[in-house]
2 protein chains.
Amino acid sequence: MTENPRTSAEPDPPGDRMPKKSELPGTASASVMASASVAKKGARQRRVTITDVGTAAGVSTSTVSRVLNGTARVDPELARRVQDAVAELGYRPNAAAQGLARGEAGAIGVLVPDLSNPYFPDVLKSVSAVARSNGRRVMVMESDEDATSEHELAEDLMRCCDGVLLCSPRMNRAELVDLSLRGHPVVLVNRIVPGLSLPSVSVDFYGGMTLVCGHLTQLGHRRVAYLSGPEASWANAERIRAFDAAAAFGVDVTVIPCGHTARHGYAAADAVRDSGVTAVVAYNDLVALGAVTALEESGLRVPEDMSVIGCDDISLDDLPSSRRLTTASLARDELGRQAAQTLEALMAANGDTEPRVIPMELRVRHTSAPPAVPAH
Amino acid sequence: MTENPRTSAEPDPPGDRMPKKSELPGTASASVMASASVAKKGARQRRVTITDVGTAAGVSTSTVSRVLNGTARVDPELARRVQDAVAELGYRPNAAAQGLARGEAGAIGVLVPDLSNPYFPDVLKSVSAVARSNGRRVMVMESDEDATSEHELAEDLMRCCDGVLLCSPRMNRAELVDLSLRGHPVVLVNRIVPGLSLPSVSVDFYGGMTLVCGHLTQLGHRRVAYLSGPEASWANAERIRAFDAAAAFGVDVTVIPCGHTARHGYAAADAVRDSGVTAVVAYNDLVALGAVTALEESGLRVPEDMSVIGCDDISLDDLPSSRRLTTASLARDELGRQAAQTLEALMAANGDTEPRVIPMELRVRHTSAPPAVPAH
DNA sequence: CTGTTAGCGCATTCAC
DNA sequence: GTGAATGCGCTAACAG
């Protein structure tokens with residue numbers, strides 16, 4: 001034990017200090033803590049309302065509302081009394097009541113298929129940033145890659161949020177149409193459905209995979225495997241579409257059903273070996289790294305014996321790996337930001353946003369190389 | 001292109017089918033789609049309310065409410081008419097109004113410091129499972145390891161949720177006390193604050209690290225480094241406390257300030273080398289894997305030259321890595337389940353739950369071995 | 001500038 | 001078993 005004995009355990013010694021004025025309301029009057037202490041947890045006492053505040057401050061509820069929301073000018077003296085009362089009573093506005101009266105919830109919802117993939121938390125961060133800058137909360141829900149529950153979750157979200165971001169939705173077209181008919185702000189992220197009137201922001205996976213194929217071709221690869229992701233994934237379909245097109249350049253792509261996790265990639269390694277390819281492209285970086293692991297465990301060298309290419313470029317920041325994965329990269333923060341902005345515009349009825357597309361770039365790193373036995 | 005040409009692109013060919021009856025309400029009447037189509041997105045038309053349904057069905061709003069909530073017996077004929085009207089109109093209850101009237105939001109909130117660590121999504125899954133089984137939504141917020149914003153986010157959550165789960169909160173004791181005084185259901189996950197009246201569910205990190213130290217000792221290690229996590233982390237403090245105690249067994253632990261991500265671990269590798277230890281314990285698996293990567297890149301062999309031990313055991317399921325990390329493991333789903341149940345009990349006023357502790361187990365895998373030059 | 005009056009959409013007493 | 005009336009807590013006209 002050399003350093004920093006244990007100071008980090010309790011940032012503040014017990015009872016050391018009370019919250020600073022700037023942190024908490026309720027420091028204006030000496031009786032604050034006393035009245036707060038009354039709020040024992042046993043007695044589910046009636047929450048303090050705006051009326052209580054008004055009474056305590058000797059003003060009407062409208063005035064309280066005004067100073068709290070800055071809706072209109074209020075006599076400084078009254079404002080002070082209100083704020084004191086708020087602090088004194090520990091008043092917090094009731095979100096449901098505000099929502100009802102204002103006609104909006106003050107929150108946006110985000111539905112994602114899988115939080116375990118660092119990809120989504122990253123997107124979420126920038127979504128949250130713009131949402132908060134607009135004074136809105138963010139409500140996250142995860143469908144766990146389950147297309148069945150997704151529609152219901154989306155409905156839930158729509159019921160309690162002013163707008164919803166559907167990330168990589170797996171639900172079928174009909175369900176999407178159903179949601180789009182609600183007249184509720186919804187934007188699609190990474191899913192483009194022809195004929196659907198929903199704004200969308202998506203990544204150019206087709207372009208990204210085309211770059212990957214080009215890279216592989218120039219390296220001399222001819223036979224390539226693709227570890228396919230979730231069946232209902234639009235992103236997956238786009239990647240496959242790119243491989244289709246690549247056939248014109250002499251690239252023969254074998255699609256191997258796989259999945260979206262490292263575990264899936266790990267399990268698919270045998271099939272990759274057996275397929276006789278010299279390179280494999282994975283649905284995403286997680287799958288790719290899983291595959292690399294299994295491939296190496298089975299005695300193959302990457303990239304000498306087998307090139308492995310990922311997608312999403314999550315490895316750099318989020319994943320620990322001695323393998324610097326060659327991958328298709330995108331600005332996840334930009335994706336999140338544009339999605340949130342599009343939704344914001346929609347909610348402001350400044351809609352009619354045309355489909356936005358985030359480009360991909362090829363990142364050549366250490367898992368791609370010419371094939372051991374060049375084609376021709 | 002060998003298989004599965006592109007069928008997965010659109011699960012349903014455009015216009016192929018409408019939602020099945022079991023999936024969606026609104027199929028009862030032939031005019032459903034027609035009326036739904038009226039809901040153009042441009043005209044922010046008034047949402048259909050329970051009154052509209054009542055009118056359409058020729059009953060009072062109370063009756064509508066009754067059939068919708070199953071609150072009381074209703075004439076089957078009327079019930080049918082109500083349900084038809086609901087379907088026809090595409091009625092969805094307004095969450096805010098329900099919340100206001102019922103006096104509860106129908107949701108619980110979960111605050112986590114970092115969604116990018118697979119640890120939290122895992123916990124979230126089981127929290128969601130029990131919440132949903134209780135008919136409650138789950139609202140997730142991320143503080144991004146920022147102790148400053150955490151208190152505010154928690155307040156936000158409390159305002160719109162019936163109960164809140166504070167996971168690994170970084171805020172200081174005073175802020176925690178402030179929240180605990182609100183008389184609002186809150187349970188602490190992975191943070192124990194003496195004298196605080198909040199129920200808690202936490203992992204026995206102390207015990208876990210003690211096992212790790214024992215393992216290392218028996219292997220023959222005497223000089224060990226600890227890559228320390230966030231300063232405000234209780235879990236981090238607990239780990240350090242265990243190292244303190246381990247000193248009695250002749251283990252000399254050097255604490256190296258580090259962080260909570262793989263990148264942090266990667267960056268700290270030099271310091272580990274320089275410290276002259278034969279083994280290093282990381283704040284978590286992410287950090288450990290980052291360290292392994294850097295260590296190996298610098299020419300050291302793991303575990304021959306340096307043992308590396310993690311914490312949380314996320315590598316197995318979530319992380320791709322050719323390194324099977326020796327680590328301290330816990331049942332994350334159990335942690336989430338117990339936390340959610342404790343909160344549920346609190347909300348039902350069946351509170352007074354005593355602190356729950358989730359045990360840790362040692363998982364000896366491939367990154368720990370006897371030191372190259374055994375002590376003595 | 002401020003107080004009074006109406007709802008927001010729904011659940012829930014009450015009478016019938 | 002059903003409808004009418006009341007109120008949840010708050011905001012937004014509306015008068016003053």
Side-chain angles (χ1 to χ4, degrees), chain A residues 44-83 85-86 89-107 135 158-162 182 184, chain B residues 44-83 85-86 89-107 135 156 158-162 182-184:
Chain A
R44 173 98 48 249
Q45 80 292 343
R46 198 176 62 79
R47 270 183 54 114
V48 20
T49 78
I50 202 175
T51 308
D52 300 325
V53 176
T55 306
V59 300
S60 73
T61 63
S62 341
T63 299
V64 177
S65 177
R66 283 177 189 119
V67 332
L68 259 37
N69 301 308
T71 312
R73 291 194 53 75
V74 172
D75 182 271
E77 160 63 11
L78 291 192
R80 201 190 53 71
R81 268 159 48 194
V82 167
Q83 285 167 350
V86 165
L89 270 36
Y91 167 77
R92 322 276 160 185
N94 175 314
Q98 270 182 310
L100 224 205
R102 289 200 177 124
E104 62 171 30
M158 291 174 69
R159 294 202 315 111
C160 62
C161 297
D162 302 321
R182 296 266 214 287
H184 201 95
Chain B
R44 173 100 47 249
Q45 80 292 344
R46 197 175 62 79
R47 268 184 56 113
V48 20
T49 78
I50 201 175
T51 308
D52 301 323
V53 175
T55 306
V59 300
S60 74
T61 63
S62 337
T63 299
V64 177
S65 177
R66 284 178 189 122
V67 329
L68 259 37
N69 300 310
T71 312
R73 291 195 53 75
V74 172
D75 183 271
E77 161 63 11
L78 291 192
R80 201 191 52 73
R81 268 158 50 193
V82 168
Q83 285 167 349
V86 165
L89 271 37
Y91 166 77
R92 322 275 161 185
N94 176 315
Q98 271 183 312
L100 224 206
R102 290 202 176 119
E104 62 171 31
D156 261 21
M158 291 174 68
R159 294 201 315 111
C160 62
C161 296
D162 302 322
R182 296 267 212 288
H184 201 95

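Letters A, B, ... are given to chains in the order of the sequence lines, protein chains preceding strands, and every chain is numbered from 1.
- Two residues are said to be in side-chain contact when any heavy atoms from C-beta on lie closer than 4.5 Å; B:Thr63 and B:Val74 meet this criterion.
- Atom pair A:Asp75:CG and C:dT2:P shows a separation of 5 Å (rounding to whole Å applied).
- Taken to the nearest 0.5 Å, the CE atom of B:Met158 stands 8.0 Å off from the CZ atom of A:Arg92.
- An OP1 or OP2 oxygen of D:dG9 is reached within less than 4.0 angstrom by no side-chain nitrogen or oxygen of A:Gln98.
- A:Asn94 has its side chain out of reach of A:Thr49: every pair of non-hydrogen atoms, C-beta onward, lies at least 4.5 Å apart.
- The nearest whole Å value for the distance from the CD1 atom in B:Ile50 to the P atom in D:dT6 is 19 Å.
- Each end of the helix from C:dC1-D:dG16 to C:dC16-D:dG1 yields a helix axis from five base pairs, and these two axes differ in direction by 40° (to the nearest 10 degrees).
- Taken to the nearest 0.5 Å, the CG atom of A:Leu78 stands 10.0 Å off from the CZ atom of A:Arg80.
- Considering only the side chain of A:Asn94, D:dC10 comes nearest among D:dT11, C:dC10, D:dC10.
- Nucleotide D:dT6 holds its P atom 19 Å from the CG atom of B:Leu100, rounded to whole Å.
- Atom-to-atom distance recorded for A:Asp52:CG and A:Arg47:CZ is 11.0 Å, nearest 0.5 angstrom.
- Contact detail for A:Thr61 and A:Thr51: the closest heavy-atom pair is CG2-CA, 3.9 Å.
- Here the CD1 atom belonging to B:Ile50 is positioned 8.0 Å from the OG atom belonging to B:Ser62, to the nearest 0.5 angstrom.
- When heavy atoms are screened at a 4.0 angstrom cut-off, A:Thr49 is found touching the sugar-phosphate backbone but no base atom.
- Considering every non-hydrogen atom in both A:Asp162 and A:Gly106, the closest pair reads OD2-N, 2.7 Å.
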Collect all protein-nucleotide pairs involving nucleotides 4-7 of chain C in which both atoms are nitrogen or oxygen and the distance is under 3.5 Å.
{"unit_1": "C:dT4", "atom_1": "O4", "unit_2": "A:Ser62", "atom_2": "OG", "d": "3.0"}

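- Across the protein-nucleic acid pair, B:Glu77 atom CD and D:dT2 atom C1' stand 14 Å apart, rounded to whole Å.
- If you take CD of B:Glu104 and P of C:dT12, they are 10 Å apart, rounded to a whole angstrom.
- For the pair B:Arg47 CZ and C:dC8 C1', the interatomic distance rounds to 13 Å; values are reported in whole Å.
- The interatomic distance linking A:Asn69 (CG) with D:dA12 (P) rounds to 7 Å, in whole Å.
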Which side-chain N or O atoms in residues 97-105 of chain A pair as donor and acceptor under 3.5 Å with protein atoms at least two apart or in another chain?
{"unit_1": "A:Gln98", "atom_1": "OE1", "unit_2": "B:Arg159", "atom_2": "NH1", "d": "3.3"}
{"unit_1": "A:Arg102", "atom_1": "NH2", "unit_2": "A:Asn69", "atom_2": "OD1", "d": "3.0"}

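- Summarising the geometry, the separation between CG on A:Leu78 and C1' on C:dG3 is reported as 11 Å, rounded to the nearest angstrom.
- Residue B:Arg73 places its side chain closer to D:dG1 than to any other of C:dT12, C:dG9, D:dG1.
- Residue B:Val59 is classed as a sugar-phosphate contact, given heavy-atom separations below 4.0 Å to backbone atoms only.
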